[in-house]
Number of protein chains: 2
Amino acid sequence: MSLAHALLTSLLEQASSGYDLARRFDKSIGHFWQATHQQIYRELGRMEKAGWIRSTPDPDAGRTRKRRYSVLPGGRDELMRWAAESAPLPELRDEFMVRLRADAVIGPLGLLPELGRRRALHADKLRAYRAIEARDFPPDPQASRQRRIHHLILKAGIQYEEGWIAWYDEALGVLEHA
Amino acid sequence: MSLAHALLTSLLEQASSGYDLARRFDKSIGHFWQATHQQIYRELGRMEKAGWIRSTPDPDAGRTRKRRYSVLPGGRDELMRWAAESAPLPELRDEFMVRLRADAVIGPLGLLPELGRRRALHADKLRAYRAIEARDFPPDPQASRQRRIHHLILKAGIQYEEGWIAWYDEALGVLEHA
DNA sequence: TCCGACTATGCAACCAGTTGCAGTACTGTA
DNA sequence: TACAGTACTGCAACTGGTTGCATAGTCGGA
């Protein structure tokens, strides 16, 4: 159950509401862990019951129902406990490879446009990551441990997109001349 | 619903039983699409109902219940239709990144051993892929379209593992000296 | 001849994640 | 003041995937 732990991490970085969490998930942690607002609300409810977090009406709430969640000591302990666990590698699961294999067994199915589209999507992501890198991580030998780790995580995304772009370029060559 | 299409592809390559499909999934297609025998049996049932495949008692069955599934024209059409669809990129979802981020916000949580373990797992996979490559894809300018595509798919796995190994090496450096 | 390992299939329950929909309050604009 | 848009929370139903368990036959070895 990592969503809870992703939320704990995010809340430790900054106490906030379910809605804000959902939006922040679209950036930062969301590059490696996605969640809809539905999941987030449900999970926040469970976590509060478990005594990991508590919620108070948000000071910025005005008359809305907005609530601010913050991490309790129990939640922090739980996060530390969980972080030390070992876990299996994420599994590679890409339906495009299935399509390719279908194309191989049946014969040309016109996958080239889709291939180009996917390459472009990866290029978009890479560009976005590079922009974040340029903005938030200027070269700095004195950077704090926290910053260095955040940069490292971003580099995982960069490395991932670059790898796929290179592969899609090769794939383009194979499908064009075959 | 890609599992059905992965199964169709696999059955087109070779008609076989649910059990054999499950085992073949552990290799080839399974590098990019995993499924348990449970899922497979359930899905084969649906596909037969849909008229995409048919099953006959397996000739090698002896007195067991073993059945051989093969693709009907309707299944082939469905696969062709589906292959031309476009689909979103698979999402990167790696809980280790959440752990790293927790380590960044709380302070050193002793992630180094886990980091080494994960690097080793990637190295194992890479070695396995390289072995398959050496065995099944000797350099051959005359290789068929099908072989070239299969090789391409394998290279996606190789590229993926190599990227992560490089990243884990860098991560090792960051966590050691911080 | 009994036993354990393996092949082969399947039911039932559960869980995480997704989708569709809805309600409520605020904010700006015509 | 009416209306559109959007911030914010939530319910209910569904889907795909996982887990635990059950069953039944085959085969080799103690």
Side-chain angles (χ1 to χ4, degrees), chain A residues 1-7 10-11 15-26 29-30 32-50 53 55-69 82 87-95 98, chain B residues 1-8 10-11 15-26 29-30 32-50 53-69 82 87-95 98:
Chain A
M1 211 208 316
S2 317
L3 176 55
H5 300 96
L7 292 173
S10 204
L11 286 175
S16 43
S17 68
Y19 190 81
D20 291 335
L21 278 172
R23 279 213 329 236
R24 281 204 279 139
F25 254 55
D26 289 344
I29 282 188
F32 292 97
W33 202 271
Q34 306 80 38
T36 63
H37 73 279
Q38 268 314 322
Q39 257 179 292
I40 289 174
Y41 286 124
R42 201 201 290 165
E43 200 62 35
L44 285 173
R46 284 182 199 149
M47 290 160 71
E48 192 163 15
K49 255 187 209 156
I53 57 176
S55 67
T56 51
D58 193 296
D60 304 339
R63 235 174 306 164
T64 69
R65 282 179 293 174
K66 189 171 185 175
R67 303 188 66 74
R68 155 159 314 193
Y69 292 88
W82 171 83
L89 297 182
E91 266 164 4
L92 197 44
R93 171 170 286 219
D94 190 342
E95 49 177 294
V98 178
Chain B
M1 212 205 321
S2 317
L3 176 55
H5 301 95
L7 292 173
L8 284 173
S10 203
L11 286 175
S16 43
S17 68
Y19 190 83
D20 290 335
L21 278 172
R23 278 211 331 233
R24 280 202 282 139
F25 254 55
D26 289 344
I29 282 189
F32 292 97
W33 203 271
Q34 306 80 39
T36 62
H37 72 278
Q38 268 313 322
Q39 259 178 288
I40 290 173
Y41 286 124
R42 200 203 288 167
E43 201 62 35
L44 285 173
R46 284 181 199 150
M47 291 159 70
E48 192 163 16
K49 253 186 210 159
I53 57 176
R54 72 194 181 96
S55 68
T56 51
D58 193 296
D60 304 339
R63 235 175 305 164
T64 69
R65 283 180 293 173
K66 189 170 184 174
R67 302 188 68 73
R68 154 157 317 196
Y69 292 88
W82 171 83
L89 298 182
E91 265 164 5
L92 196 45
R93 172 169 285 218
D94 189 343
E95 49 177 294
V98 178

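Hydrogens, waters and symmetry mates play no part in the numbers below; they use all other heavy atoms, side chains included. Order of the sequence lines sets the chain letters (A, B, ...), proteins ahead of strands, with each chain counted from 1. Model, not experiment: these values are computed from the prediction.
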Enquirer: If we check side-chain hydrogen bond (donor to acceptor under 3.5 Å, both in side chains) with A/S16, which of these qualifies: A/R68, A/R24, A/R23?
Expert: A/R24
Enquirer: Under the 3.5 Å rule, do the base of D/dG17 and the side chain of A/R93 count as making a donor-acceptor pair?
Expert: no
Enquirer: Taking all heavy atoms of B/Y69 and all of B/A15, pick out the closest pair and write down the distance.
Expert: O-CB, 3.3 Å
Enquirer: When the nearest nucleotide of DNA chain C is assigned to A/T36 and to B/Y69 on a heavy-atom basis, which residue is associated with the more 5' position?
Expert: B/Y69
Enquirer: Please compare B/E91 and B/Y41 by the position of their nearest nucleotide in DNA chain C and report the one closer to 5'.
Expert: B/Y41
Enquirer: Assess whether one donor atom and one acceptor atom, taken from the side chain of A/R42 and the base of C/dT18, lie less than 3.5 Å apart.
Expert: yes
Enquirer: Rounded to whole Å, how long is the line connecting atom CZ of A/F25 with atom P of C/dA16?
Expert: 15 Å
Enquirer: I want to check one thing: is the phosphate of D/dT18, taken as OP1 and OP2, less than 4.0 Å away from some side-chain N or O of B/Q39?
Expert: yes
Enquirer: Would you mind reading off the distance between A/R67 atom CZ and D/dC8 atom P, rounded to a whole angstrom?
Expert: 14 Å
Enquirer: What about B/R46: does its side chain form a donor-acceptor pair under 3.5 Å with the base of D/dT15?
Expert: no
Enquirer: What is the distance, to the nearest angstrom, from the CG atom on B/L44 to the P atom on D/dG17?
Expert: 14 Å
Enquirer: Can you measure A/L21 atom CG to D/dA7 atom C1' for me and round it to whole angstrom units?
Expert: 15 Å
Enquirer: Rounded to the Å, how far apart are A/H37 NE2 and C/dC21 P?
Expert: 13 Å
Enquirer: Which part of the nucleic acid, if any, lies within reach of B/Q38 when heavy atoms closer than 4.0 Å are counted: base, sugar-phosphate only, or nothing?
Expert: base
Enquirer: Considering non-hydrogen atoms only, spot the tightest contact between B/Q34 and A/R93 and give its length.
Expert: O-NH2, 2.6 Å
Enquirer: In whole angstrom, what separates A/Q34's CD from C/dT19's C1'?
Expert: 17 Å
Enquirer: To the nearest angstrom, how far is A/K66 atom NZ from C/dG23 atom C1'?
Expert: 18 Å
Enquirer: Surrounding CZ of B/R54 (heavy atoms of other residues, nucleotides or ligands, distance under 6.0 Å), is the total greater than 12?
Expert: no
Enquirer: Given side chains that start at C-beta, do those of A/H5 and A/W33 come closer than 4.5 Å, heavy atoms only?
Expert: no
Enquirer: Taking only N and O in the side chain of B/Y19, is any of them less than 4.0 Å away from OP1 or OP2 of C/dT9?
Expert: no
Enquirer: Can you tell me the distance, in whole Å, between the CD1 atom of A/I40 and the C1' atom of C/dA16?
Expert: 14 Å
